[in-house]
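Everything on this sheet refers to the single structure shown next.
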Amino acid sequence: MLAAVDHVQLAAPAGSEDALRAYYVDTLGMTELSKPPVLAARGGCWFGAGAVQLHLGIEADFRPAKKAHPGLRVTGIEAYADRLKSLGAPVTWDEDLPGYRRFYSADPVGNRLEFLEPEA
């Protein structure tokens, strides 16, 4: 039986690890996680915050995910959006999901990310 989502994997182009670290750690506030040596040899990076884990794997024929995306629950969504904007990340608000405040952003390689918070 399914118990939880362990992680979400996104793709990235070779050589993008430094840009990914800057975005996921410095902009989003996540922590870089150590990869097992056999997987670290493939490149890419893993990040975590609380129970959330995002794995960025290197894909030779990389194309950013423009529609598919992880939906990341946040607290204090207005302040979080302001943080992202102040650090140069795009923020596009979307009002189409009843009961939630949400916006979309993109990582430095173009992958779509959704951030949402239930309305009070």
Do the side chain of Asn111 and the main chain of Ala65 share a donor and acceptor less than 3.5 angstrom apart? yes
Taking a hydrophobic cluster as the set of Ile, Leu, Val, Met, Phe, Trp and Tyr residues connected by side-chain heavy atoms closer than 4.5 Å, whether directly or through intermediates, do [X] and [Y] fall within one such cluster?
X: Leu56; Y: Ile58; value: no
X: Trp93; Y: Leu113; value: yes
X: Tyr80; Y: Tyr100; value: no
X: Leu116; Y: Tyr24; value: no
X: Leu33; Y: Leu39; value: yes

Quick check for you: to the nearest 0.5 Å, what is the distance between Phe115 atom CZ and Leu28 atom CG?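 Spacing of CZ (Phe115) from CG (Leu28) equals 4.5 Å.
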Salt bridge (charged side-chain N to carboxylate O under 4.0 Å, His left out) contacts in which one or both residues fall within residues 99-108, not counting sequence neighbours: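 Residue pairs passing salt bridge (charged side-chain N to carboxylate O under 4.0 Å, His left out), neighbours aside: Glu78-Arg101, Asp94-Arg102, Glu95-Arg101, Arg102-Glu114.
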Mind checking what makes side chain to side chain donor-acceptor pair (under 3.5 Å) contact with Gln53, not counting sequence neighbours?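 Checked Gln53 against side chain to side chain donor-acceptor pair (under 3.5 Å); matches are His55.
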Give me the atom names and distance for the closest heavy-atom approach of [X] to [Y].
X: Glu32; Y: Cys45; answer: OE2-CB, 3.8 Å
X: Lys66; Y: Gly110; answer: NZ-O, 3.9 Å
X: Pro36; Y: Trp46; answer: CD-CH2, 3.5 Å
X: Ala19; Y: Pro108; answer: O-CG, 3.4 Å
X: Leu20; Y: Ala12; answer: CD1-CB, 3.7 Å
X: Gly43; Y: Lys35; answer: O-NZ, 2.6 Å

Got a sec, which residues hit side-chain contact (heavy atoms from CB on, under 4.5 Å) with Leu87, two or more places apart in sequence or on another chain? Thr27, Arg83
Take the angle between the ring planes of His69 and Tyr104 and call it parallel below 30°, perpendicular above 60°, tilted in between. perpendicular
